[in-house]
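Everything below concerns the one structure shown next.
Numbered from 1 within each chain, the chains take letters A, B, ... in sequence-line order. Fair warning: this is a prediction, and the values are worked out from it, not measured in the lab.
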Amino acid sequence: MNKEIKIKKHEVAHHFDNSEQEFNSAKLGMWAFLGQEILFFSGLFVAYIIFRMMHPEMFIYASKHLDWKMGALNTVILILSSFTMVMAVRSAQVNKLKQCVNYLIATFSFAGMFMVVKGFEYASKISHGYLPAKFFNAESAHESLHIFFGIYFTMTGLHGLHVLVGMGLIIWLIIKAKKGHFYEDYYTPLEMVGLYWHLVDLIWIFLFPLLYLIG
Amino acid sequence: MGHLENINFFKAAKGFKSWLITVDHKRIGIMYLLFIVAAFTLGGLAAGIMRIELLSPDKVLLTAKQYNQFFTLHGAIMVFLFIIPSIPAALGNFFLPLQIGAKDVAFPKLNLASLYIYVFGALFCVYSMWHGAVDTGWTFYTPYSTTTDTSVISMTLGAFILGFSSILTGMNFIVTVHKMRAPGMTWFRMPLFVWSLYATSILQVLATPVLAITLLLLIVEKTMGIGIFDPAIGGDPVLFQHFFWFYSHPAVYIMILPAMGIMSELFTTFTKKNIFGYKAIAYSSIAIALVSFLVWGHHMFLSGQSDLASTIFSALTFIVAIPSAIKVFNWISTMYKGSIDLKTPFLYGLSFLFLFSVGGFTGIVLGTLSLDVHMHDTYYVVAHFHYVMMGGTVMGFLGGLHYWWPKMFGKMYNEFWAKIACALIFVGFNMVFFTQFILGSKGMPRRYYSYLDQFQPLHQFSTSGTWVMGLGFIIVFIYLINSLFRKEEVSNSPWGGITLEWQTTSPPPVYNFIETPIVDNDPYDFEKVKI
Amino acid sequence: MSKDNNHGHHFIVPVKFYVGTLIALLILTVITVAAAQIDLGAAANNVLAMLIASVKAGLVICFFMGMFWDKGFNRIILFSTLAFFGIFITFCVLDIGFRGDTYKYEKGKYNLKQVVTPLKENKYHD
Amino acid sequence: MSTKNNSLVSSGDIWFPEPLSTLAKDIDYLYYVTMWGSVIIFLGMFLISIYFLLKYRRTKSNLVAQKQVIENHKLEIAWTVIPLILVMILFVWGFKDYLRLRIPPEDTLKINVTGAKWFWSFEYPKNNIKTLNQVYVPVNQSIEFKMISKDVLHNLFIPNLRIKRDVIPNSYSGLWFKAEKVGRYQIFCTEYCGDKHSEMLADLIVLSEEDYEEWLNSANESEDIPLEDLGKKLYTAKACNGCHSLDGSNMVGPTWKGLFGKIRNFTDGTSVKSDENYIRESIVYPQKKLVKGYQNVMPSYAGLLSDREIDGIIEYIKTLK
């Protein structure tokens with residue numbers, strides 16, 4: 001494993017004038033994609049705000065059923081994974097390719113940990129019967145408690161899906177990094193997946209207080 | 001760069017496979033054009049059958065449920081499969097890089113991916129049409145959409161996937177306009193068609209994701225019943241309308257802005273005169289794109305929405321009407337002191353001008369709170385949005401198609417038949433939809449399978465108009481296909497247009513320009529540029 | 001068609017910078033959790049939680065995502081996205097929060113009757 | 001489908017059915033102001049364009065535009081500000097009328113309206129009368145509807161009064177009007193609600209003061225008239241005549257002629273002799289037993305017919321041999 005990774009020169013695409021234009025185009029396109037992702041999640045945040053306005057006391061009662069310690073742990077895990085992702089991009093910029101691969105593997109494992117913790121949380125919810133409306137069979141003081149869990153599962157489920165997609169992309173990055181595609185003059189895919197990963201972390205930063213730490 | 005430079009993009013690669021894996025924006029544009037014409041035909045047939053059914057209050061062809069499935073089919077196909085992708089994906093893909101002097105769009109592979117996502121989404125829609133078609137209307141209002149047993153889930157999945165094709169096209173265009181302009185082409189030397197596509201892309205990227213989450217929530221609501229939209233368990237159906245219209249009003253501007261861009265091209269080339277108020281038109285495109293996010297509530301004045309919100313939406317609706325008015329006045333003033341050549345593309349331009357203005361004035365009627373109470377969900381609204389969408393976008397699309405046909409295929413169509421078809425479409429269109437204004441204000445509600453006998457004469461006259469218009473569209477189809485088999489070649493700029501796409505051969509070479517053009521003049525400066 | 005394959009070298013951020021941001025984020029997470037325990041009243045807690053989350057988000061965007069050293073237009077995309085997100089929230093709240101039939105009780109003064117929701121037998125709980 | 005109500009098309013002027021209230025007339029007035037304003041501006045644009053098309057036609061001498069006029073700031077500012085002012089006037093005017101539409105006066109006659117899949121039921125709370133697809137109101141009296149839906153979204157639209165409001169399942173929505181002319185007027189459902197959306201019609205019957213009082217008495221003195229006559233009256237009052245015939249011909253529903261005592265065989269293969277219990281059950285829960293060859297479209301009358309009224313219908317069916 002300690003074989004030095006051989007750099008594979010990157011050929012700029014035919015329709016771009018130079019790699020600078022290629023990199024900036026990719027970054028602009030990525031930011032447009034992130035803008036679209038934010039608005040995609042905005043629908044869920046608006047639904048959360050509207051239903052919290054409609055049933056405020058139910059939300060407070062419901063959030064007691066969530067284990068904030070697990071939520072906090074997940075937040076820390078995601079922040080660490082963001083850090084390792086940024087370090088991976090940086091090490092590619094300074095041609096430390098071995099270090100870049102290790103950081104990517106670290107990010108991947110943090111993401112895995114996040115999903116495992118999420119799995120435990122879901123397991124405890126299912127066992128208590130706190131599922132979206134059709135399958136909700138726990139007794140509850142509030143007759144519309146199932147809406148909270150409907151919103152909870154939709155938000156965290158969609159976010160979990162984005163984490164899984166992120167993990168797939170990181171594997172793809174690890175394979176390419178091992179083959180020496182990334183070096184100081186070309187690390188665009190690495191930076192783009194990094195941006196995507198930071199957005200996934202960003203959304204969890206807002207999800208955590210809204211769902212787990214109510215009043 | 002090898003020999004590819006001066007062979008036109010049709011002959012550059014042969015065989016079916018070369019079309020399937022092409023990343024050339026011109027070929028992708030033509031493939032989009034084929035799908036869009038097919039979707040328009042399918043949607044048009046559905047409308048024709050509906051109108052025949054409405055010849056009499058009792059059953060002519062369809063039962064009540066079938067009629068409801070047909071109007072949903074007509075709405076969904078026309079909106080998601082035809083009108084949103086029509087100008088940006090077909091003509092936009094082909095001409096955006098050409099007009100800014102680029103070799104291709106910023107992400108060619110992504111461009112091909114969005115074409116395949118479009119096809120994949122279209123398959124979902126076709127599947128759901130065949131297997132228990134949806135009967136909820138293209139708006140999928142809950143709680144009806146969550147309680148009906150028709151295949152709402154596969155249709156919403158289809159629309160969900162089509163949304164991504166639209167987002168990716170929008171992203172591609174934003175980056176292309178920002179990063180791929182020819183040297184010397186500043187923002188105010190770009191043609192106005194590019195400005196309108198840029199404004200459309202902002203809308204596509206920032207509005208479509210909310211449609212995606214709305215449809216996703218609808219699917220989750222239908223399968224798991226999370227109760228956000230279902231009133232029986234504490235949800236709020238009006239909230240669904242907010243989610244749906246937050247996307248769908250910017251969507252109607254996604255539909256009209258590209259057509260407005262084509263108008264600026266037609267009104268300059270066929271009057272051989274620089275556009276009147278270039279900056280005004282460019283800024284009003286962007287203004288429309290931004291203000292369009294503030295007005296969606298005028299679809300919901302009567303839906304149980306609070307009166308405060310309705311009042312604010314009504315006021316903002318009037319503000320969004322102003323930029324469109326400015327554009328129309330600018331186009332008319334462009335004709336002043338021009339040298340006007342009444343070829344078919346320009347005839348479509350003029351019919352856009354008048355039909356879109358009628359649509360605009362009736363839009364102001366519908367934006368007024370007290371009048372909307374009477375007019376809402378009647379045929380008045382049906383006539384209004386057909387005047388704006390069909391009178392606007394379809395006329396713009398046909399105008400652009402005829403204007404750029406020689407450039408795309410290197411063949412000229414038959415001018416005589418084109419004028420006849422344009423007249424037929426114009427007359428037929430007004431027969432169909434002007435009567436519907438009167439039908440609507442007289443109280444005929446929308447989406448009615450059978451109606452009171454007293455409305456029958458108006459309905460029959462409206463249906464007869466669809467046959468005239470249908471004939472017009474058939475003639476257009478015939479002579480355009482026929483033009484492909486003509487022998488004589490077409491010069492670089494048959495209409496005398498001077499924007500960049502007219503400075504290369506028609507059909508253009510694979511990389512658009514022999515050598516990258518240097519731009520040092522305004523896009524429509526007829527004095528400086530002599531072709 | 002000269003193609004120079006190398007970048008103008010980008011500004012490479014020193015490691016200390018990233019480590020600093022990481023620590024700041026972890027501290028803020030602890031603060032968020034601590035703030036949630038003490039009860040300052042529903043409204044204040046919400047505002048505080050959102051404030052801390054926004055600061056954390058700002059840190060991630062500026063330093064981890066590199067917006068701090070980035071070209072202007074990417075910022076415009078981000079701000080316009082957040083603006084439209086804000087518009088979506090304000091108009092939905094404008095509707096949901098002010099429902100009810102308006103009635104006029106004094107000259108020129110209006111008020112809202114309380115929204116009356118019917119007694120619904122709950123489909124999943126009857 | 002034919003209707004006994006005043007015609008919408010032939011009454012009133014080209015654009016609107018005949019207005020019933022002063023408020024309707026004001027709304028028409030605002031519409032005409034907007035329409036004629038638009039026609040004037042449209043004609044202005046049309047004539048200027050025609051003039052340009054004729055004057056600056058491309059001829060041998062006029063091959064390229066004579067003067068590249070590209071902007072005129074005064075003109076552009078004018079055609080931005082003037083339309084803005086005009087539309088803002090329209091907005092304020094529309095908003096004032098909208099408030100008059102939305103805010104009911106104090107002393108209104110309250111009627112509860114329930115929209116369900118494909119029929120309207122009206123309830124007079126003070127004199128506990130329930131009617132189906134028909135609402136009787138006195139003339140020149142402010143009426144207030146309190147509307148709720150039992151299932152999907154509906155929308156009550158009375159074209160002659162220019163009023164319309166969605167009927168939603170999760171909260172009450174209000175409408176008010178004052179009809180100033182006697183007559184029968186059409187009510188539509190204008191929010192798409194499924195297969196029979198286009199048949200979810202009702203009649204607004206505006207009566208003079210005395211007729212309304214007389215109708216009120218006749219409606220609730222159903223206690224003392226004999227059961228057969230009550231059944232006969234309900235046959236039309238409750239819209240049974242829309243689907244069931246008396247002369248043996250089968251319409252949407254089976255005929256009532258000779259129904260009592262006949263063997264009825266159902267879609268699930270079972271069959272039963274039709275007696276009081278069977279008829280009562282098919283009135284209140286029509287979906288339970290479906291006669292072969294008929295669709296399951298009969299709305300349930302649970303809560304819309306009192307027990308005495310159901311007995312009346314049963315007695316009336318017995319008389320139909």
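- Contact between C/A36 and A/L213 at its shortest, heavy atoms only, is CB-CB, 3.6 Å.
- Within the 4.5 angstrom heavy-atom criterion, no atom of A/M30 approaches chain C.
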Please walk me through it: do A/K69 and C/V33 pass side chain to side chain contact (heavy atoms under 4.5 Å, CB included)?
CA-CA 9 Å; A/K69 284 187 278 309; C/V33 171; over 6 Å; no

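- For the atom pair CD1 (A/I79) and CG (C/L25), the distance works out to 5.0 Å, reported to the nearest 0.5 Å.
- Counting heavy atoms from C-beta outward, C/F85 and A/F45 have side chains that approach closer than 4.5 Å.
- Ranked by heavy-atom pairs under 4.5 Å with chain C, the first of A/I49, A/I38, A/L28 is A/L28.
- When side chains are defined from C-beta on, C/M50 counts as touching A/L210, because their heavy atoms get closer than 4.5 Å.
- Counting heavy atoms from C-beta outward, C/I77 and A/L34 have side chains that stay 4.5 Å or more apart.
- The minimum heavy-atom distance linking C/C92 with A/V46 is given by the pair SG-CG1, 4.0 Å.
- Rounded to the nearest 0.5 Å, atoms CD1 (A/I205) and OG1 (C/T29) are 7.0 Å apart.
- Ranked by non-hydrogen atom pairs under 4.5 Å with chain C, the options A/V76, A/T75, A/I50 are led by A/I50.
- Proximity to chain A is limited to the side chain of C/L78, based on heavy atoms less than 4.5 angstrom apart.
- The CG atom of C/L59 sits 11.5 Å away from the OG atom of A/S82 when rounded to the nearest 0.5 Å.
- Neither the backbone nor the side chain of C/T21 comes within contact range of chain A, judged by heavy atoms closer than 4.5 Å.
- Of all the heavy atoms in C/T32 and A/P209, the pair that sits closest is CG2-CB, 4.3 Å.
- Counting heavy atoms from C-beta outward, A/F83 and C/V19 have side chains that approach closer than 4.5 Å.
- Each of C/I89, C/L26, C/I96, C/N74 has some count of heavy-atom pairs under 4.5 Å with chain A, and the biggest count is that of C/N74.
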Between A/W68 and C/Q37, is a side chain to side chain contact (heavy atoms under 4.5 Å, CB included) present by the stated rule, with each step listed?
CA-CA 11 Å; A/W68 65 269; C/Q37 309 310 335; 3.9 Å; yes

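- Rounded to the nearest 0.5 angstrom, C/F63 CZ and A/H198 NE2 are separated by 13.0 Å.
- Nearest heavy-atom pair, A/R90 versus C/Y18, reported as atom, atom and distance to 0.1 Å: CD-CE1, 3.7 Å.
- Heavy atoms closer than 4.5 Å to chain C are found in the side chain of A/M54, but not in its backbone.
- In this structure the side chain of A/W31 reaches within 4.5 angstrom of the side chain of C/M67, judged on heavy atoms.
- Residue C/D70 touches chain A through its side chain alone, counting heavy-atom pairs closer than 4.5 Å.
- The distance from atom CZ of C/F64 to atom CG of A/D201, rounded to the nearest 0.5 Å, is 8.0 Å.
- For the atom pair A/E37 CD and C/T81 OG1, the distance stands at 11.5 Å (nearest 0.5 Å).
- A/Y212 does not touch chain C: none of its heavy atoms, backbone or side chain, sits under 4.5 Å away.
- C/K56 is not listed as a side-chain neighbour of A/L202, based on a closest heavy-atom distance of 4.5 Å or more.
- Your options are C/V93, C/I52, C/V30, and the one with the most heavy-atom pairs under 4.5 Å with chain A is C/V93.
- Within the 4.5 Å cutoff, side-chain heavy atoms of A/L199 are placed close to those of C/M65.
- Counting all heavy atoms, side chain and backbone alike, C/F88 lies closest to A/G43 at CE2-CA, 4.2 Å.
- Using a 4.5 Å cut-off on side-chain heavy atoms (C-beta onward), A/F206 and C/S54 make contact.
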